[in-house]
Amino acid sequence: SLPAHYPQTPSDFEDVSPDSSVPLSQIYDDLCDDDVSLFNQIRRFRGPWLLSRSDDFDHKIITASNKFVVDMGYSKNELIGENCKKLQANSVDFNKDSNAKLSAAFKSDTDVHVVLLNYRGNGNPFGNSLSILMLRDKNDKVKYHLGIIK
């Protein structure tokens, strides 16, 4: 848990895209206390993040930060419910090694960091430094994949 002097996330703090298909309250209910604290710390930085369910082998985005949706530059409702590979457009072959690392991490429930060539909604390429953290439920089973873009 957070040190006592560390500020808690305000109850009115809202950074989640309105396009999200799963309410944040449900995600918090699913997570162990340590991962609730971790997720709150990441949200507090107000950067781009996204979540997918660990049991969804297509890794569809179920919720994301407003910053992620705005930074990616896609139209409303174009990313939530989609596989993250949508951001790779035609660079899937270029990203083959990174995609293999991601697949291996998902299979072994381990955190991973990769750099991908992605494309914004307007077609402009960008280097995506992506960390995926495995968020666990109260029974220590991985429930969500949290993607953080740097």
Visitor: For Ser91 and Asn95, which I'm curious about, is there any donor-acceptor pair between the side chains at under 3.5 Å?
Guide: yes
Visitor: Can you hop from Val142 to Val22 via hydrophobic side chains spaced under 4.5 Å?
Guide: no
Visitor: Sequence neighbours left out, what pairs pass ring pair (Phe, Tyr, Trp, His ring centres under 6.0 Å) with at least one residue falling in residues 54-74?
Guide: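 Output for this query lists His59-Phe106, His59-His145.
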Visitor: I need the minimum non-hydrogen distance between Gly47 and Ser65, along with the two atoms involved.
Guide: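 In terms of heavy atoms, the two residues are closest at O-OG, 3.1 Å.
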Visitor: Applying side-chain contact (heavy atoms from CB on, under 4.5 Å), run through Lys143 and Arg53 and close with a yes or a no.
Guide: CA-CA 6 Å; Lys143 183 78 175 183; Arg53 292 183 56 88; 3.8 Å; yes
Visitor: Is a side-chain donor-acceptor pair under 3.5 Å present for Tyr144 with Asp137?
Guide: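 Short answer, no.
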Visitor: Can you confirm whether Met134 sits close enough to Asp35 that some side-chain heavy atom of one is under 4.5 Å from a side-chain heavy atom of the other?
Guide: no
Visitor: Does atom NZ of Lys67 have more than 12 heavy-atom neighbours from other groups under 6.0 Å away?
Guide: no
Visitor: Under 3.5 Å, sequence neighbours excluded: what are the donor-acceptor pairs made by side chains of residues 114-131?
Guide:
from: Asn118; atom 1: OD1; to: Asn128; atom 2: ND2; distance (Å): 2.7
from: Arg120; atom 1: NH1; to: Asp71; atom 2: O; distance (Å): 2.7
from: Asn122; atom 1: OD1; to: Asn124; atom 2: N; distance (Å): 2.9
from: Asn122; atom 1: OD1; to: Asn124; atom 2: ND2; distance (Å): 3.4
from: Ser129; atom 1: OG; to: His113; atom 2: NE2; distance (Å): 2.7
from: Ser131; atom 1: OG; to: Lys150; atom 2: NZ; distance (Å): 2.5

Visitor: Taking Asn83 for the side chain and Lys85 for the main chain, is one N or O donor matched with an acceptor at less than 3.5 Å?
Guide: yes
Visitor: Quick one: does any side-chain atom of Thr63 pair with a main-chain N or O of Ser20 as donor and acceptor, under 3.5 Å?
Guide: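 No, the answer is negative, given that no donor and acceptor are paired below the 3.5 Å cut-off.
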Visitor: Any side-chain heavy atom of Glu78 sitting closer than 4.5 Å to one from Met72?
Guide: no
Visitor: Examine Leu87 and Val70 and state if one hydrophobic cluster contains both, with Ile, Leu, Val, Met, Phe, Trp and Tyr joined whenever side-chain heavy atoms are less than 4.5 Å apart.
Guide: no
Visitor: Is the CG atom of Asp55 crowded by more than 12 outside heavy atoms at less than 6.0 Å?
Guide: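 Result for CG/Asp55: enclosed.
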Visitor: In Å, rounded to the nearest 0.5 Å, how long is the span from CD1 of Ile27 to CG of Leu135?
Guide: 9.0 Å
Visitor: Give me each pair satisfying ring pair (Phe, Tyr, Trp, His ring centres under 6.0 Å) with a member in residues 78-105, each pair once, sequence neighbours excluded.
Guide: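 Ring pair (Phe, Tyr, Trp, His ring centres under 6.0 Å) check on residues 78-105 returns no pairs.
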Visitor: Given Ile132, which partner from the list Val112, Thr110, Asp111 fulfils the side chain to side chain contact (heavy atoms under 4.5 Å, CB included) test?
Guide: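 That would be Val112; it is the only one of Val112, Thr110, Asp111 passing the side chain to side chain contact (heavy atoms under 4.5 Å, CB included) with Ile132.
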Visitor: Does Val16 share a hydrophobic cluster with Leu31, counting links as ILVMFWY side-chain heavy atoms below 4.5 Å and allowing steps through other members?
Guide: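 Result: yes, single cluster for both.
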